Amino acid sequence: MILTIIQTSWRRLRNNRSELFLTFIVPIVFFSIFAVIFGSRDSSSSTPKIKIAICNESDSKLASRSVELLSEQGSLRITNDKNQDASWVLLKRDAGADLVRRGMVSAAIAFSPNKETANPKIEVLTDSFDQVSSQVLTAVVQRVVYLAQADLVAAEASSRGAAVRFTDASSANDSSVVAPASFSAPINGKEGVAAATGSSMPEILSVDLMGGQKTNPVIAMYAAGIAVMFLLFSATTASGSLLEELENSTLDRLLSSRLTMDQLLLGKWSYLTMIGVAQMILMFSWGAFVFKIDLARHWVGFTAMAVVTAGASSSFALLLASLCKSRTQLGWVSTIVILSMSALGGSMVPRYLMSETIQKAGLWTFNAWALEGFNKVFWRELSLDQIGTELAVLTASGALFIVLARIFAIRWERA
Amino acid sequence: MSVESVHKRFGDNHALRGMSFEVKVGERLALLGPNGAGKTTLIRTLCGRSRPDSGQILLFGKSIREPNVLQELGVVPQELAIYLDLTTRQNLECFGQLHGLRGKQLRDRVKWALDWIGLSDRANELVKNFSGGMKRRVNIACGVLHKPRILLLDEPTVGVDPQSRQRIFDMLDELHSIGTSIVLTTHHLDEAESRCDRIVIVDHGLVVADGTLEDLMEQTVGAKRQVFLEIEGVLVVSPPGLRWDSKRNRFVITVDNIAEELPSVLTRIQRSGGTVKDLEVHQPNLHDVFLHLTGKELRE
């Protein structure tokens, strides 16, 4: 008897292609997708570089030498423009800070004149959204400044014909000896990293431009990530009603009335978008109530992002439905596509943790654009015109998806 | 409705091969055919959901491709093409609105439909909780809210008990009495015989017979009766026309006129040494006509 049950179950599985696919192929597909997304960090060619801007308003040699050494760091990608002689066009501190605030760079390194000492004031202007980069960068800057200082001391000593000797910081008592500064993580947004030893070692300040004043800053990011993913899942499930109507001939009846396919698709799109916006409002309201997301102050940007994200999700869901032949097929296709897009687009793990190649690939998912938009609204506190790119990309992709869905739905109109 | 040389292919499958017939105003027409004969394709083509490769369909003199012409048509698919997770009233309102009904007109038609299908007291219950027959009635009501002049029904009584079938045909009779033309496909020959004015038999995508039941019988099996006889004893001489039917295990003879011919048949059998113990007169019916035309049982 037991053998009969096993045999029958196996035969049923074997006769059901989609179930067979879900059981044996989908896990391998998922494993491969996630391995590519998160596993490629080991590749040296695709290890993410920290995107920075360099600001220099100081005319000190230490600053100039530090800039030279920074440009040699393989872990950094300097976004400044270059002069004709291949030297960097260096920004002012405020311009660098603005780039950080707008999310154009992960951090900016600013060298400013210091009235009290000959050494420049050195600041690492960070965005604690990317906590890994800001900490790594502070350490890199510290090392670079140390090396620059050493180079200058060596050059000066050489010009005087003196020998240069490096000793441990604890025994440093000579002005010609430079010891590395210790590093401490920034607290409350702004904390000096003192040059613990050596009177000539300049002070390096790590300044968190973004997260310091926020009550619960990263929650908005997670709310957006989860909201976009579930928006897609719920929209896809709801768009399955189209296939249900096809399967039970309700579509025949609907299209035999005054209703056209255009009206049917637009009606379903409007409904899915409204439900999506409602889902977003509910999730962020809960976030505001329980996790102190500052929804009230950002409601304009939130509304704009919620509408375009829900609209794009609805269009995408209808496109998937129009591509599938049955609800079963839609079920497994949407599971694969949505989870892959969510992983790639940053709904599961922040994109800055992914390799550069995967980060670029992520831009082909609208999850990435939606998350970036919400991030700009809640984290960077940018105005509506400053999230124009994200709004435009989501609106355009939404329009493209619904047009494609309409084209694929032609086959249902005229059998 | 006029169907003129309609062809429809799906790849290598030639579903309709030049089908032609007419439905007159106020007529009840049964479309019969074995499975795969092209009935459902025909219904889908008639309601504009499938575009014919050639030929045309006219409704009250206009092509069904012209705007608003299909408004004269009501469609009841074979499947339950309704929302099971809506109430009866919500379903009726939905399909009424999609056919352009609004306000008082919609309310009146919904009320009429609820009375018509006998579900006024269950108007606010979810359809998924209904019996098969009740669901069928809601399915039909959703197709007639906009007062179509011609109603297409694809097997409206499939899978329902005899009581519900009777109820559905009573509903259709009511529609017919106010002038609605009815075209239905069915596997129940008795429905076609007793409930329809005319019968169109299709097979292999073609109309193989078209007419009233009497016409069809005249054209095919004729009006002759078969008489099955159980005879005891050995017949010395077999009366002319009497033969053995191995299927029914009886003798059979075909006669034109029972009253005139049967007594002489019985006398001849008796004279030949046989005694008739039992006899059964079989009147030709639609089943014989169908079998004669298609060579198949209706459900084959």
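Atom set for the values below is all heavy atoms of this structure, side chains included, hydrogens, waters and symmetry mates excluded. Residue numbering restarts at 1 for every chain, and letters A, B, ... go by the order of the sequence lines. Just so it is clear, the model here is predicted, and its values are computed rather than measured.
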Show me, pair by pair, the donor-acceptor contacts under 3.5 angstrom made by side chains of residues 14-21 of chain B, not counting sequence neighbours?
| residue | atom | partner | partner atom | Å |
| --- | --- | --- | --- | --- |
| B:His14 | NE2 | B:His7 | ND1 | 3.4 |
| B:His14 | NE2 | B:Leu16 | O | 3.4 |
| B:Arg17 | NE | B:His204 | O | 3.0 |
| B:Ser20 | OG | B:Ser5 | N | 2.8 |

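The number of heavy-atom neighbours closer than 6.0 Å to CH2 of A:Trp299, taken from other residues, nucleotides and ligands shown, is 12 or below. Within 6.0 Å of the CZ atom in A:Arg12, the count of heavy atoms belonging to other residues, nucleotides or ligands does not exceed 12. Heavy-atom contacts from other residues, nucleotides or ligands closer than 6.0 Å to CZ of A:Phe233 number more than 12. The number of heavy atoms from other shown groups lying within 6.0 Å of OH (A:Tyr271) does not exceed 12.
Across every non-hydrogen atom of A:Glu245 and B:Tyr83, the tightest pair is OE2-OH, 2.6 Å. Heavy atoms only, all atoms of each residue included: B:Val75 and A:Arg253 are closest at O-NH2, 3.1 Å. Of all heavy-atom pairs spanning B:Leu98 and A:Leu254, the tightest one is CD1-CD2, 3.2 Å.
We find the OG-CZ distance between A:Ser249 and B:Arg49 to be 9.5 Å, quoted to the nearest 0.5 Å. Here OG of A:Ser257 is found 11.5 Å from CG of B:Leu145. Values are rounded to the nearest 0.5 Å. Summarising the geometry, atom OG belonging to B:Ser50 is positioned 9.0 Å from atom CG belonging to A:Asp252; distances are rounded to the nearest 0.5 Å. Distance check: A:Arg258 CZ to B:Leu70 CG gives 11.5 Å after rounding to the nearest 0.5 Å.
Residue B:Cys94 does not touch chain A at all, counting heavy-atom pairs closer than 4.5 Å. For chain A, no part of B:Leu73 is nearby; none of its heavy atoms comes within less than 4.5 Å. For B:Asn139, the parts lying near chain A are the backbone and the side chain together; criterion is any non-hydrogen pair under 4.5 Å.
At a threshold of 4.5 Å between non-hydrogen side-chain atoms, the residues B:Phe95 and A:Thr250 count as touching.
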